[in-house]
Amino acid sequence: MIDRRIKFRHIQCFVEIARERSLKTAAEKLFLTQPAMSKTLKELEEIVGTTLMRRSRSGVVLTRPGEVFLHFAQMSIASLQQGLDGIELEGRRQKDKLSVGALPSVAAHLMPLVVTEFARLAPNALLRILDGPHGYLTERLRLGELDLVIGRIGPSDTMQGISFTQLYDEQVVFVVRPGHPLLSDPDLRRVADWPVIYPPAGAAIRPLVEQFLIANGVGEFPNRLETVSGAFGRVYTRQSDCIWIISRGVVAKEIAEGRLVALPFRTELTQGPVGLMTRPDHPETPVRQLFALAVTNVLAGKSAHMT
């Protein structure tokens, strides 16, 4: 039986501190003072009889019991949110809602076609799309803010508690503007001679790119800019001599239309699966099944473009 002393404020404060890794930031997010947050956390730890968090120079760190408790605390908040959403939908008789997270390569290459197909299959559904880096989207999925995420599979530590259904494989490419000096003599070792747009820490392709460079004896790039912004990458690459390291799906349209050119490097080592990510504890819904069908239909019609 749940200890009646545990209140929702205990769970909410604990989850927010764990998410932000900072007592101060979590307090600001919840519009509370730091002493109030500390007191609430201390009350929770006294109730459960163990230390859930420790402070360090880098911020707040979960203990092993804290990691276990966080998993179920997040599930509880997500379930409560689903219940509230259900009441709202019933009360207002709103359309079915589906919140989808899309990694950059999927948002640019696949989602426009999927949205069109989904609108045909579920004309009365309300679709919400959120794009961003892998870690950000998977965290939103765990918290119940997203129903599913579509994109590259990430490192094992970012996939805990998430189910992955593979759809296709995708490689990383090095792209430049037409007429770039490196096109006349493509050499991976010369990439460092120009500015490089590089995947930031937390991006699904970052480990693959690092492995590829190590395997080819290439060190760090001294002049690099880290971002997952496709909008920035497209404009900056076309207006400068920078070299953009990015998933092919992000720039497939630009490559096909000749606005960007892929350097002829053998990047098979960066190939990785793209698929649908869901929470195993999140019950399947008709609207989510229709979205998965829309993705399947689109891929069946454009499988030749997925390599």
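Values below: all heavy atoms of this structure, side chains included; hydrogens, waters and symmetry mates excluded.
Formation of a donor-acceptor pair under 3.5 Å by the R54 side chain with backbone atoms of T63 is not found in this model. For D187 (side chain) and R189 (main-chain N/O), a donor-acceptor pair under 3.5 Å exists by modelled atom type. Proximity of a side-chain donor or acceptor of H180 to a complementary backbone N or O of D241 within less than 3.5 Å is detected. Looking at R190, its side chain does come within 3.5 Å of a backbone N or O of D185 through a donor-acceptor pair. Listed for the T237 side chain is no donor-acceptor partner under 3.5 Å among the backbone atoms of R234. Between the R248 side chain and the V173 main chain, no donor and acceptor come within less than 3.5 Å of each other. A donor-acceptor pair under 3.5 Å links the side-chain atoms of E170 to the main chain of G249, judged by distance alone.
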* Asked: Please walk me through it: do E46 and R5 pass salt bridge (Lys or Arg N to Asp or Glu O under 4.0 Å)?
  -> CA-CA 10 Å; E46 289 175 350; R5 292 176 296 169; over 6 Å; no
* To do: Determine, stepwise, if the pair L146 / V100 fulfils side chain to side chain contact (heavy atoms under 4.5 Å, CB included).
  => CA-CA 6 Å; L146 292 174; V100 178; 6.0 Å; no
* For side chain to side chain donor-acceptor pair (under 3.5 Å), just list the numbers for Q171 and T270, CA-CA rounded to whole Å, side-chain angles, deciding distance to a tenth of an Å, and then say yes or no. => CA-CA 5 Å; Q171 293 181 198; T270 66; 5.0 Å; no
* Asked: Do T267 and V209 pass the side chain to side chain contact (heavy atoms under 4.5 Å, CB included) test, and can you show the C-alpha distance, the side-chain angles, and the key distance before you say yes or no?
  -> CA-CA 9 Å; T267 59; V209 171; over 6 Å; no
* To do: Would you please test L183 and L263 for side chain to side chain contact (heavy atoms under 4.5 Å, CB included) and show each step?
  => CA-CA 7 Å; L183 288 170; L263 291 164; 3.7 Å; yes
* Please lay out, stage by stage, how S76 and V15 fare under the test side chain to side chain contact (heavy atoms under 4.5 Å, CB included). => CA-CA 11 Å; S76 299; V15 169; over 6 Å; no
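Closest approach of E226 to A201, counting heavy atoms only: OE1-N, 4.0 Å. When every heavy atom of P112 is checked against every heavy atom of V106, the shortest pair comes out as CD-O, 4.5 Å. Contact record, R177 with P181: NH2-CD, 4.0 Å, taken as the closest heavy-atom pair. Across L269 and Q211, no two heavy atoms sit closer than the pair CD2-O, 3.9 Å. The two atoms that bring S229 and W244 nearest to each other are O-CZ2, 4.2 Å, heavy atoms only. Taking both residues in full, the closest heavy atoms of A102 and I129 are given as CB-CG2, 4.4 Å, listed atom of the first, atom of the second, then distance.
At least one side-chain heavy atom of R152 sits under 4.5 Å from a side-chain heavy atom of S247. No side-chain heavy atom of E210 sits less than 4.5 Å from a side-chain heavy atom of L213. Residues L52 and L62 are not in side-chain contact: their nearest non-hydrogen atoms beyond the backbone lie 4.5 Å or more apart. In this structure, the side chains of L126 and D96 stay at 4.5 Å or more apart for every pair of heavy atoms. With a 4.5 Å cut-off on side-chain heavy atoms, T278 and D147 do not count as touching. Counting only heavy atoms from C-beta outward, the side chains of R238 and L260 approach each other to under 4.5 Å. The side-chain heavy atoms of H134 and T138, taken from C-beta on, include a pair separated by under 4.5 Å. Within the 4.5 Å cutoff, the side chain of M277 has no heavy atoms near those of the L148 side chain.
Side-chain contact annotation: R55 with S38, donor-acceptor N/O pair under 3.5 Å present. Side-chain contact check for E45 and T51: no donor-acceptor pair (N or O, by modelled atom type) lies under 3.5 Å.
Within 6.0 Å of atom CD in E220, 12 or fewer heavy atoms from other residues, nucleotides or ligands are found, so the atom counts as exposed in its surroundings.
Under a hydrophobic-cluster definition in which Ile, Leu, Val, Met, Phe, Trp and Tyr are linked whenever side-chain heavy atoms come within less than 4.5 Å, directly or via other members, V250 and I197 are assigned to the same cluster. Under the 4.5 Å side-chain heavy-atom criterion for grouping Ile, Leu, Val, Met, Phe, Trp and Tyr, V114 is not connected to L130 through any hydrophobic cluster. Two different hydrophobic clusters hold L167 and V149 under the rule that ILVMFWY side chains link at heavy-atom gaps under 4.5 Å. Linking Ile, Leu, Val, Met, Phe, Trp and Tyr whenever their side-chain heavy atoms come within less than 4.5 Å leaves I255 and V172 in two separate clusters. Note: the hydrophobic cluster containing L276 also contains V287 (ILVMFWY, side chain heavy atoms under 4.5 Å, direct or indirect links).
Electrostatic pairing of R21 and E16 does not count as a salt bridge here, judged by no charged N lying under 4.0 Å from a carboxylate O.
A distance of 11.5 Å separates CG in L103 from CD1 in I153, rounded to the nearest 0.5 Å. The line from CD of Q271 to CZ of F212 is 13.0 Å long, rounded to the nearest 0.5 Å. Atom CZ in F14 sits 4.5 Å away from atom CE in M53 (nearest 0.5 Å). To the nearest 0.5 Å, the span separating CZ on R64 from OG1 on T50 amounts to 12.0 Å. The distance from atom CD1 of I17 to atom CG of L70, rounded to the nearest 0.5 Å, is 11.0 Å. To the nearest 0.5 angstrom, K42 atom NZ is 12.5 Å from H10 atom NE2.
Evaluation of the side-chain contact (heavy atoms from CB on, under 4.5 Å) rule for F72 yields V68, M75 as partners, not counting sequence neighbours.
Stacking of R140 on the aromatic ring of Y136 is recorded, both the 6.0 Å distance cut-off and the 45° axial limit being met.
Taking the six-membered ring where tryptophan is involved, the planes of F265 and F174 are perpendicular, since the angle between them exceeds 60° and thus also 30°.
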